[in-house]
2 protein chains.
Amino acid sequence: MRNPWTLKMEQFTAFSDMEKRRLNDLVSGTREHCAAGQDIIPDGAHSDHCHVVLTGLACRYKSLPDGKRQIMAFLIPGDLCDAEIFILKMMDHGVAAISDTTTALVSASDMKSLLRETSSLGEALWWGTMTDLGVLRERIIDVGRRNAHVRIAHLIYEMLVRYRMVELAPGDSFKFPITQVDLADATGMTPVHANRTLQKLRADGLIAFSQGVMTVLDTAALKAAARFNGDYLHLDRVHDPASVGRRAGDLV
Amino acid sequence: MRNPWTLKMEQFTAFSDMEKRRLNDLVSGTREHCAAGQDIIPDGAHSDHCHVVLTGLACRYKSLPDGKRQIMAFLIPGDLCDAEIFILKMMDHGVAAISDTTTALVSASDMKSLLRETSSLGEALWWGTMTDLGVLRERIIDVGRRNAHVRIAHLIYEMLVRYRMVELAPGDSFKFPITQVDLADATGMTPVHANRTLQKLRADGLIAFSQGVMTVLDTAALKAAARFNGDYLHLDRVHDPASVGRRAGDLV
DNA sequence: CGGCAGGTTGAGCGGATTCAAATACAGTGG
DNA sequence: CCACTGTATTTGAATCCGCTCAACCTGCCG
């Protein structure tokens with residue numbers, strides 16, 4: 001009954017049982033599977049279904065005329081791939097699977113009516129979009145004003161916080177099937193330099209990485225190295241006394 | 001009766017007279033003036049009013065702990081400063097006036113009900129947010145994968161298209177009160193390098209700049225230099241046969 | 001065993017930065 | 001009207017972070 005979409009949005013607000021059931025029903029319909037490396041939604045496409053990532057890792061990307069590629073965002077379970085689909089004529093970027101993924105299809109009309117609801121659900125959806133904006137802005141700061149070391153540390157730390165939201169980072173370990181080429185495309189650097197930077201983070205004892213699993217060994221040190229401030233993720237419930245136990249917010 | 005907010009959203013869809021009147025009423029209430037250099041909305045602030053830029057130029061920015069600053073977006077007349085205000089507890093970045101600005105205050109409750117309307121208005125607002133996302137993604141590509149020359153050309157060309165939307169770029173000239181320091185903060189480079197890059201664009205006869213007014217001398221050449229593709233702005237009405245006359249879409 | 005994708009290492013180059021100083025320019029007050 | 005002041009732009013020279021190119025290694029799989 002607990003799905004990553006609900007878990008993520010619960011970081012924003014507490015839902016009633018009925019609301020949770022509602023959300024759960026929405027992602028319990030048609031599923032789609034996509035193999036690593038394939039497009040979940042190609043650039044320029046249109047469809048009348050939204051995709052919610054349930055398992056695996058995906059990314060938003062855009063290929064440039066000169067062959068370069070920029071990854072604008074990583075999408076983990078609970079993330080919505082294409083909130084724009086029911087308004088815009090076509091996607092202005094592609095969404096690709098990095099590892100094998102399963103996505104839930106939600107019809108545009110369901111999503112539309114959800115958005116217009118006066119309940120917490122409509123607000124939660126809006127919250128999701130607003131935090132997406134925040135994450136994008138943070139990525140601009142990354143590539144614009146942070147050096148390679150801080151930049152990669154920041155990306156990894158953000159992934160940790162986000163994976164924790166959906167309870168997929170036990171022991172501060174999480175799946176990280178991202179190749180160094182992908183990482184370079186996301187951080188706006190070359191694979192070679194991404195490699196050297198990762199090595200330094202490992203040598204400093206901040207992270208460990210093997211078999212596609214990233215482990216953050218020293219959260220405090222990594223957070224400091226990344227100059228991380230998580231306000232932009234708007235995990236509002238962190239400050240909610242009713243929220244108990246160890247949550248993603250502990251890291252922010 | 002024609003205000004920049006309506007003009008901008010008309011790039012997405014045609015409104016009925018009643019809808020236009022509705023939009024106009026919303027920005028005809030309280031006005032706020034802000035002097036150049038001052039914060040319109042400080043980082044971390046909260047209010048229960050949204051700000052719509054009516055005149056002047058503003059920017060979204062974030063100051064980093066080490067004193068650096070990153071400008072994430074420029075806001076021209078018709079742009080909404082803080083769509084998040086009625087959901088999120090606080091702003092995760094600041095909005096500052098670059099030149100003197102006037103903004104219209106729209107109450108959060110008015111905005112909220114607008115968003116829930118089944119008319120074109122709710123969709124238009126959603127469209128605005130989605131294009132903001134698109135512009136941010138494009139900025140990530142800018143700083144991540146384009147060199148200084150292309151990057152600045154791209155920024156200027158985008159400003160031209162956006163100014164045209166709100167009919168503020170007669171003869172391909174528009175107000176550009178952005179200092180080279182601002183420009184550097186927006187493009188993720190140093191003022192010195194921004195200066196040299198601008199000089200090259202002028203030497204190549206692509207742009208002219210004096211007295212705070214930018215003139216694009218050769219739109220085709222600038223577009224080519226910027227490798228510009230305007231799909232991300234989603235000026236859907238460009239393809240609408242009912243749309244007549246020279247509009248921003250001509251450039252996209 | 002060969003092939004291939006991903007990761008690692010080295011050396012040289014170059015775009016952008018840094019620091020510093022000079023120049024232009026607008027506003028202000030004597 | 002000019003001297004004065006502060007801000008913005010311009011120029012030069014040295015330095016460095018990250019890029020390029022190229023080779024090599026490693027593990028995996030057919």
Side-chain angles (χ1 to χ4, degrees), chain A residues 35-38 57 59 64 66-71 96-100 142-156 175-203 207-214 225, chain B residues 35-38 57 59 64 66-71 96-100 142-153 155 175-203 207-214 225:
Chain A
Q38 299 303 111
L57 183 69
C59 70
L64 305 192
D66 59 2
K68 289 178 191 163
R69 187 176 72 141
Q70 176 73 44
I71 290 178
I98 289 191
S99 64
D100 294 351
D142 252 27
V143 281
R145 289 280 178 234
R146 296 199 249 253
N147 64 28
H149 195 71
V150 181
R151 203 184 304 181
I152 296 226
H154 198 277
L155 181 72
I156 294 172
K175 290 241 181 68
F176 199 78
I178 301 168
T179 68
Q180 294 184 356
V181 175
D182 294 332
L183 193 61
D185 283 342
T187 51
M189 42 206 262
T190 56
V192 175
H193 202 60
N195 175 291
R196 295 197 231 261
T197 309
L198 271 178
Q199 284 182 51
K200 175 125 183 47
L201 287 173
R202 277 182 299 200
I207 59 168
F209 178 74
S210 77
Q211 316 283 4
V213 173
M214 172 75 68
Chain B
Q38 300 302 112
L57 182 70
C59 70
L64 305 192
D66 60 3
K68 289 179 191 162
R69 187 177 72 143
Q70 175 73 44
I71 290 177
I98 289 190
S99 63
D100 294 352
D142 251 27
V143 282
R145 288 279 177 237
R146 295 199 250 251
N147 65 25
H149 195 70
V150 182
R151 203 183 305 180
I152 295 224
L155 181 71
K175 291 241 182 69
F176 199 78
I178 300 168
T179 68
Q180 294 185 358
V181 175
D182 294 332
L183 193 61
D185 283 342
T187 52
M189 43 205 261
T190 56
V192 174
H193 201 59
N195 175 290
R196 296 195 230 262
T197 308
L198 270 178
Q199 284 182 51
K200 175 128 182 46
L201 287 174
R202 277 182 299 200
I207 58 168
F209 178 72
S210 76
Q211 315 284 3
V213 173
M214 172 76 66

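Note on naming: letters A, B, ... go to the chains in the order of the sequence lines (proteins, then strands), and numbering restarts at 1 for each one.
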Subject >> Length of the line joining B:Leu198:CG and D:dT9:C1', which is rounded to integer Å >> reply: 10 Å
Original post:
Pick the nucleotide of DNA chain D nearest each of A:His149 and A:Val192; which residue has the one closer to the 5' end?
Top reply: A:His149
Original post:
Can you tell me if B:Arg145 uses its side chain to pair, donor with acceptor, with the backbone of A:Met189 under 3.5 Å?
Top reply: yes
**OP:** Output, in order, the C-alpha distance, side-chain angles, deciding distance and verdict of side-chain contact (heavy atoms from CB on, under 4.5 Å) for A:Thr197 and A:Thr187.
**Re:** CA-CA 11 Å; A:Thr197 309; A:Thr187 51; over 6 Å; no
Original post:
Reading DNA chain C 5' to 3', which nucleotide is the first, and which the last, to come under 4.0 Å of any heavy atom in chain B?
Top reply: C:dA16 to C:dA26
Original post:
To the nearest Å, how far apart are B:Gln180 CD and D:dA8 P?
Top reply: 11 Å
**OP:** Go through the steps to decide whether A:Leu198 and A:Ile207 satisfy the test side-chain contact (heavy atoms from CB on, under 4.5 Å), and finish with yes or no.
**Re:** CA-CA 9 Å; A:Leu198 271 178; A:Ile207 59 168; 4.0 Å; yes
Subject >> DNA chain D: 5'-proximal contact among B:Ile178 and A:Arg196 (nearest heavy atom) >> reply: B:Ile178
**OP:** Give the rounded distance in Å between these two atoms: NE2 of B:His193 and C1' of D:dT10.
**Re:** 15 Å
Original post:
Which nucleotide, D:dC19, D:dA8, D:dA13, lies nearest any side-chain atom of B:Thr179?
Top reply: D:dA8
**OP:** For salt bridge (Lys or Arg N to Asp or Glu O under 4.0 Å), just list the numbers for A:Asp182 and A:Arg69, CA-CA rounded to whole Å, side-chain angles, deciding distance to a tenth of an Å, and then say yes or no.
**Re:** CA-CA 9 Å; A:Asp182 294 332; A:Arg69 187 176 72 141; 2.8 Å; yes
**OP:** Remember a base hit wins even if backbone is also touched, and classify A:Gly188 as base, sugar-phosphate or nothing at under 4.0 Å, heavy atoms.
**Re:** sugar-phosphate
Original post:
Separation of A:Asn195 atom CG from D:dC21 atom P, in whole Å?
Top reply: 18 Å
